[in-house]
Amino acid sequence: MGCLSETMNILAELQSRFAAALTDLAPDPQAYAAMVRPAQDARNGDYQANCAMPLARIVGAKPHDVAKTIIDRARLDDLCEPPTVAGPGFINLTLRREFLEHTLAAVAADRRFGAPAAESPKSIVVDFSSPNVAKPMHVGHLRSTVIGDALHRILEFAGHQVLSDNHVGDWGTQFGMILYGYKHFLDAEAYVADKVGELARLYRLVNQLCDCHDARESLPRLRAELEAATAKLPALEAAAGQDKAAQAALKKARAELDKQREELKTAERKVAAVEQDPAMRELADAHPGIARAARDETAKLHAGDPENRALWDEFLPACLGALQRLYDRLGIQFDHTLGESFYDPYLPEVVRQLASRGLAVESDGARCVFLEGRNAPFIVQKGDGAYTYATTDLATIEYRVKEFGAQIILYVVDARQSDHFEMLFETARRWGFADVECRHISFGMVLGEDGRPFKTRAGDTVGLESLLDEAIREARRIVDENDDSKRNEHDQPAPELDDAERAAVAEAVGLGGIKYADLRHNRESDYVFSWSKMLAKTGDTATYLQYAYARTRGILRKAEAAGAAAGTAPIAMAQPAERALALHICRFPEAVSAVAQEYRPNFLTQYLFELANSFSSFYDACPVMKEPDPAVRASRLRLVDLTGAVLKKGLSLLGIQACERM
RNA sequence: GCCCCCGUAGCUCAGUUGGAUAGAGCGUCGGUUUCCUAAACCGAAGGUCGCAGGUUCGAAUCCUGCCGGGGGUGCCA
């Protein structure tokens, strides 16, 4: 019982001991054993079991007595001090020092720091990033990219077989716009000089012209709607005296009115942007049917038109190359980049099968899947015969299951698409893919400090490339400032880093800052993007973790210079700071398995922040190289070495680099 | 109309699925450097968990209603 070579996950070990003790006491021992948790408050010990209270209700006994019974039956004496019962029936557990030392030694000897391989490794596809290749990536792609990459790394580390797949948008309407732009507005010289840049310009241009025409067309309708809504307002106001329902209606009408005003303003702005620029205006006048024409280009591409197909073949590698450069900068790798175009040949068969099963039926000229409890249909083929991303997504599920043997598919996509994914998954189940577990790993928006979607001051979306540049530039400034202010013992300037190392540190700090700021938030919630917080020299940031790591390296350098090495000395933990640090190191497996279970990287960032925190306290309270007792010194040196290794591993699982010095 | 999400300290956010006196970072106030990087450490103040009911030994967490904010919603992805 309790063979520790099997698990260095203390929490899991405790839970299994409790499960054994609960076999005759509880209907579902596992569920009650799961109520063993890390103690919320260190005063209550290291871990606590909360199962006695709910169990007492079932058995009809006093919680306190149930807790006593559990304690009597649980065999914990090799792990814990004698457990105590507190409050209404909490069981408090304090780990024995010998056990901690033993576990720590095992963690230290393990290349995976005690993180167990998954009991039943799954074949997992992580679908993330998924930008449109026709336009440059912007800040909106950040979360999917960063969270997806972290999940890829962590799940793989947790022992699963993981494939990352970038489901790029390389087949949609944006390509029609580029094709149209290429044929009508190409700047040949610019195209030769910077293919992707010119294509992006063409996309923006055509998109803007389409928007303008579209907006101009909708202006009368928008104005009429606004007028009608405004006209209705007085009646609503009059009716809203006492009646609650009427008041609610009034408020809703006002909100609706605001929305309509906004919409009208946006449309007017789009029109004005073109009309105030004579050159643009001329273009707009010369291409009145541009939106339709661009759609036709898309249709021709899909239909196999040789010219468009040849252009697409020419554009795509350049676009993918540009994306790849960005991913290289970010240190992100995909096992596959199978975009929408890849699935095009499969689409007719998907619809045919859905139709033959009676799942897809015709409605208003389109083929739709109607799902119980929903008004909106899942459209798999449009009235004009074109397929939608719903169809592509279905084909993609089929492919991933059949070709990759996917058992789990994770879609790291923003929360706004949750309806789509619910319908997609339901349709896939009914189509015959009931065994694959599809999960929408949804995340919230990145907001600016004004609480609105993150934009530049001018109101444009922020390009990802320039975001990275700015972060690194700012990081470099901080690195310079910090290194320049270093002093030697005579209080003279003593910078440590040469230009190349400063650049490397700035890169790690800048990119790490961006990634960490994203990952440390619960992915489900929106978060406010803040330059100052992201690269702050204080607080819960990547820099703090990187700095803690650099400090571990500093001590080890010093030790090396003195001819000492971390070695394999026994680790003792006499000081509270030593014990706290040691315990925290031992919890690494818990953090990894928590992330793998819930797909929440913030569990790992939180763990690492606390680890760095424990280390900083230890650093302050427990000198290493100045410690006179050689045994204590050797023990602390190992603790430092191990802390550094876990920090570095943890950061790497988040896609963040650690620096030797900074 | 229908559907989904959010509201926690001055600010930004956690909160392990119902557990103990609700936590952290920033900011504020106070302390720490002849000593391994002060990008640090230690301490303090700061809360009606949007509001009102309900469920029970126990609620930020579950249910109902309300207030406030955001998002989605038949041929974009």
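In what follows, chains are A, B, ... by sequence order, proteins preceding strands, each numbered from 1.
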request  = Taking the six-membered ring of Tyr619(A) (Phe, Tyr or Trp), confirm whether the NZ or CZ of Arg551(A) is under 6.0 Å from its centre and within 45° of its axis.
outcome  = yes
task = Between rA52(B) and rU61(B), how far apart are the P atoms? Round to whole Å, please.
result = 13 Å
Enumerate all atom pairs, one protein N or O and one N or O from nucleotides 72-77 of chain B, separated by less than 3.5 Å.
from, atom 1, to, atom 2, distance (Å)
rG72(B), O2', Asp419(A), OD2, 3.4
rC75(B), O2, Gly383(A), N, 2.8
rC75(B), N4, Asp364(A), O, 2.3
rC76(B), OP2, Lys382(A), NZ, 3.2
rC76(B), O2', Thr173(A), OG1, 3.3
rA77(B), O3', Glu340(A), OE2, 2.2
rA77(B), N7, Tyr389(A), OH, 3.4
rA77(B), N6, Tyr389(A), OH, 3.0

ask   = Which nucleotide in the list rA40(B), rA24(B), rU12(B) gets nearest to the side chain of Val528(A)?
value = rU12(B)
Gap in Å between the two P atoms, one belonging to rA39(B) and one to rC26(B), rounded = 14 Å
key: Phosphate-side-chain proximity, Thr541(A) and rA39(B), N/O vs OP1/OP2 below 4.0 Å   = no
query = For the residue pair Phe588(A) and Tyr607(A), does the interplanar ring angle fall in the parallel (under 30°), tilted (30 to 60°) or perpendicular (over 60°) class?
reply = tilted
ask   = How far, in whole Å, is rG25(B) from rG65(B) if one measures between their P atoms?
value = 39 Å
key: Rounded distance (Å) that lies between atom P of rG69(B) and atom NZ of Lys252(A)   = 12 Å
inquiry  = Please give the distance between the P atoms of rG53(B) and rC49(B) as a whole number of Å.
reply    = 13 Å
Which pairs would a plain distance check flag for residues 443-455 of chain A, meaning a side-chain donor or acceptor within less than 3.5 Å of a matching protein atom at least two apart in sequence or in another chain?
from, atom 1, to, atom 2, distance (Å)
Asp450(A), OD1, Arg452(A), N, 3.0

ask   = Reading RNA chain B 5' to 3', what string of ( ), [ ], | and . shows its pairs, if Watson-Crick and G-U wobble pairs count only when both distances fall under 3.5 Å?
value = (((((((..((((.....[...)))).(((((.......))))).....(((((..]....))))))))))))....
ask   = Just by protein heavy atoms under 4.0 Å, how would nucleotides 27-33 of chain B read 5' to 3' in B, S and -?
value = -------
key: Euclidean distance for P, rG1(B) against rC66(B) (whole angstrom)   = 13 Å
query = Is the shortest heavy-atom distance from the side chain of Asn166(A) to the side chain of Pro131(A) under 4.5 Å?
reply = yes
query = When you check every protein heavy atom under 4.0 Å of nucleotides 14-22 of chain B, what one-letter string (B, S, -) results, 5' to 3'?
reply = SS-B-BB--
query = Restricting to pairs with a member in residues 37-63 of chain A, which pass ring-ring contact (aromatic ring centres under 6.0 Å, His included), not counting sequence neighbours?
reply = none
